[in-house]
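Both backbone and side-chain heavy atoms feed into the values below; hydrogens, waters and symmetry mates do not. Computed from a predicted model, the values in this text were never measured in an experiment. Counting from 1, the numbers follow the sequence of the chain as shown.
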Amino acid sequence: MTTKMKKYQQLNRTLFLAGLLFLGASCSGILDEKPDKALIVPTTISELWALLDNNLQVMNAEPSQLDASSDDVVILDSRLSALDEDSRRIYTWSREPINSAMNTDWSRPYDQVFFSNVVLGELEQFGNSEKSTPEWRNLKGSAHFYRAYAFFSLARSFCLGYDPQTASNELGIVLRVDSDIAVSLPRATLKETFEQIIQDLDTAEPLLPETASVNTRPSKAAVWAMLSRVYLYMGNFEKSLEAADRALNLYDTLLDYNLINPSPARPFVGNLDEVIFYSELLLRTYYFFSAGSAISPELYAKYEEDDLRRSLFFFPRAGLMAFRGQYAYLANAFGGLAVDELWLNKAECEVRMGQTQRAANSLNTLLAKRFKTGTFIPVTELNSEALLEKVLEERRKELVLRGMRWGDIKRLNVLGGNISLSRIINGEEIRLPEGDLRFALPIPQDEIDRSGIRQNPR
């Protein structure tokens, strides 16, 4: 048999394995149905990599209903009436159960957890000599990273904001840390959930290369960027700042938006040099591509005339502004880790820690690349309250439709942000007050019925 034929057979085997496990893990009941791994067992490093490199189907995707629930998106009454009942309930923060529209947002991260656990379990079957190789270490670190990323995606969607004073008593997620999903598990506490996320990231960091060969794979830079995101969400500004600095020491490429061609329908396709770790939001056409949905006019009004994001991120559609500025390979919205987020994390942490000059410098580093050449006026405001307001406004403007705003509202409200949301539906106002339990999105009712785990109170 020729070498080419052997490689072809191995590729077929790994793709079949990835597809088999995906179909098994994604069928109804991700928490209580176990795929039959006896049908085909991964036995080599390359086969295990095939599971984690299955980025288009499974691994590099994350929940997208967060944006549909946030104040960055507007859906007109005419479009809303055409949506299915579940989608209308999500957009209007209904107290009624969501039957299936949240299924993928819930199940896809658990697919990622399952794949990661399979890899971690199989890696322990290798001999000591293989365990010392860079490939084995990279694979193990990647599995821990993917599991942490998935757990955080779930926690940011389906749990309340992280308050260290109450996290021990709040509902977290179901923490599956091995591939045996036959055992029923309850939801952990929110504190336990975040302890597991940090533990996985801490385990991954020494095992991974500084940067990855492709941005769909994890790296040390991705670990530190993720730790910065997680610690910021938890309100631990000192550790978030440290992690942001360590990530930027490894990778700090910022796009100059003056060099981005605004003519294509999606200007950033092929311009992803800022991306540290690539992940897409699961597609939701009713708020992303469809007429009758748009960016909030209140948000769009915040962009100054010489701000290049105004033209690169948005385009007019039916009298409103639609979004096109995703850092994506094709169409789906980007939700991964990028250098611009790190500078915003850094600026926020610095101003909260009283380092206002450093915070202004960090913010200016980003904004200098976002305005037309010769028009940017550096931020000189050193009053901590005013500077924090500016940093948070720029954060919202920069990270629009990346799945960030919903989590930011929750964490800022823990800090006293007092952010309430409202929508006008058929002439009537619907409100989501600060502190409302509905900031934890509902777990799909199908999952509650199958597994018996506790639903979020509404």
Side-chain angles (χ1 to χ4, degrees), residues 30-31 62-63 65-66 69-70 93 95 98 102 105-110 112-113 116-117 144-178 183-204 226-240 243 335 345 349 352 403-419 421 432-444 447-448 451-458:
I30 183 65
L31 296 184
E62 55 192 278
Q65 294 289 11
L66 298 87
S69 301
S70 81
W93 314 303
R95 298 184 189 276
I98 307 299
M102 298 295 295
D105 277 20
W106 174 262
S107 66
R108 185 60 55 83
Y110 277 113
Q112 296 161 4
V113 170
S116 299
N117 287 337
H144 278 287
F145 176 89
Y146 277 116
R147 189 167 72 184
Y149 200 94
F151 282 157
F152 182 72
S153 294
L154 289 161
R156 189 170 58 179
S157 299
F158 298 102
C159 303
L160 294 174
Y162 188 93
D163 185 341
Q165 303 301 316
T166 61
S168 295
N169 300 315
E170 296 287 358
L171 284 172
I173 61 172
V174 177
L175 294 175
R176 295 246 170 230
V177 293
D178 62 55
V183 179
S184 296
L185 293 175
R187 294 176 67 175
T189 68
L190 194 57
K191 184 174 186 291
E192 291 168 337
T193 297
F194 276 81
E195 287 174 344
Q196 181 62 53
I197 292 168
I198 292 171
Q199 179 182 323
D200 271 329
L201 292 171
D202 285 345
T203 301
M226 189 61 185
L227 281 168
S228 181
R229 179 185 284 186
V230 172
Y231 279 128
L232 184 68
Y233 189 83
M234 297 173 69
N236 191 328
F237 305 117
E238 183 176 353
K239 287 193 173 182
S240 179
N345 292 355
C349 292
R352 290 187 184 279
M404 300 293 291
R405 175 62 176 168
W406 186 250
D408 277 347
I409 292 172
K410 290 197 288 188
R411 71 176 181 85
L412 292 172
N413 278 343
V414 169
L415 299 170
N418 196 29
I419 302 171
L421 306 183
L432 183 65
E434 181 272 333
D436 197 289
L437 295 176
R438 288 173 291 170
F439 275 105
L441 297 177
I443 295 171
E447 185 60 59
I448 301 297
S451 65
I453 62 172
R454 290 177 63 186
Q455 177 61 280
N456 290 324
R458 307 295 285 168

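Contact detail for Leu171 and Gln455: the closest heavy-atom pair is CD1-O, 4.3 Å. Nearest heavy-atom pair across Ser168 and Lys191 is OG-CD, 3.0 Å. Here the closest heavy-atom approach between residue Val230 and residue Ile198 is recorded as CG1-CG1, 4.3 Å. In terms of heavy-atom proximity, Ile419 sits nearest to Asn413 at N-OD1, 2.6 Å. The heavy-atom pair separating Val174 from Arg187 by the smallest distance is CG2-CG, 4.0 Å.
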Worked verdict on Met404 versus Arg156 for side-chain contact (heavy atoms from CB on, under 4.5 Å) | CA-CA 9 Å; Met404 300 293 291; Arg156 189 170 58 179; 3.4 Å; yes
Please assess Trp406 against Leu421 for the test side-chain contact (heavy atoms from CB on, under 4.5 Å), listing each intermediate value before the final yes or no.
-> CA-CA 11 Å; Trp406 186 250; Leu421 306 183; 3.9 Å; yes
With side-chain contact (heavy atoms from CB on, under 4.5 Å) as the test, would you mind laying out the steps for Phe145 and Asp200 before giving the verdict?
-> CA-CA 6 Å; Phe145 176 89; Asp200 271 329; over 6 Å; no
Can Phe194 and Phe152 be said to form a side-chain contact (heavy atoms from CB on, under 4.5 Å), step by step?
-> CA-CA 8 Å; Phe194 276 81; Phe152 182 72; 3.8 Å; yes
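In this structure, the separation between CG on Leu441 and CD1 on Ile98 is 9.0 Å, given to the nearest 0.5 Å. One distance of note links OG of Ser240 with CE of Met234; it measures 11.0 Å at 0.5 Å rounding. Taken from CG in Asp178 to OG in Ser116, the straight-line distance is 12.5 Å, to the nearest 0.5 Å.
Put simply, the side chain of Arg405 does not reach to within 4.5 Å of the side chain of Ser69, judged on heavy atoms. Ile448 places a side-chain heavy atom less than 4.5 Å from the side chain of Ile453. Taking 4.5 Å as the limit, every side-chain heavy atom of Gln199 sits out of range of all side-chain heavy atoms of Val177. Side-chain atoms of Arg352 and Leu415, non-hydrogen and from C-beta on, do get closer than 4.5 Å to each other. Between Ile443 and Asn456, some side-chain heavy-atom pair lies under the 4.5 Å cut-off. Using a 4.5 Å heavy-atom cutoff, the side chains of Glu62 and Arg108 are not in contact. With a 4.5 Å cut-off on side-chain heavy atoms, Glu195 and Leu175 do not count as touching.
When ring centroids are compared, Phe439 and Trp93 stay outside the 6.0 Å threshold.
For Arg454, the CZ atom is loosely surrounded, since the number of other residues' heavy atoms within 6.0 Å does not exceed 12.
Judged as a side chain to side chain contact (heavy atoms under 4.5 Å, CB included), and not counting sequence neighbours, the contacts of Ala243 are Trp224, Leu227, Ser228.
Here the side chain of Glu192 pairs a donor or acceptor atom with the backbone of Thr189 at under 3.5 angstrom. The backbone N or O of Ile173 sits less than 3.5 Å from a side-chain atom of Thr193, completing a donor-acceptor pair.
In summary, the side chains of Asn345 and Arg229 do not present any donor paired with an acceptor at a separation below 3.5 Å, with no hydrogens or angles considered.
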With a cut-off of 3.5 Å and sequence neighbours excluded, list every side-chain donor-acceptor pair involving residues 157-165.
residue: Ser157; atom: OG; partner: Ser153; partner atom: O; Å: 3.0
residue: Asp163; atom: OD1; partner: Gln165; partner atom: N; Å: 2.9

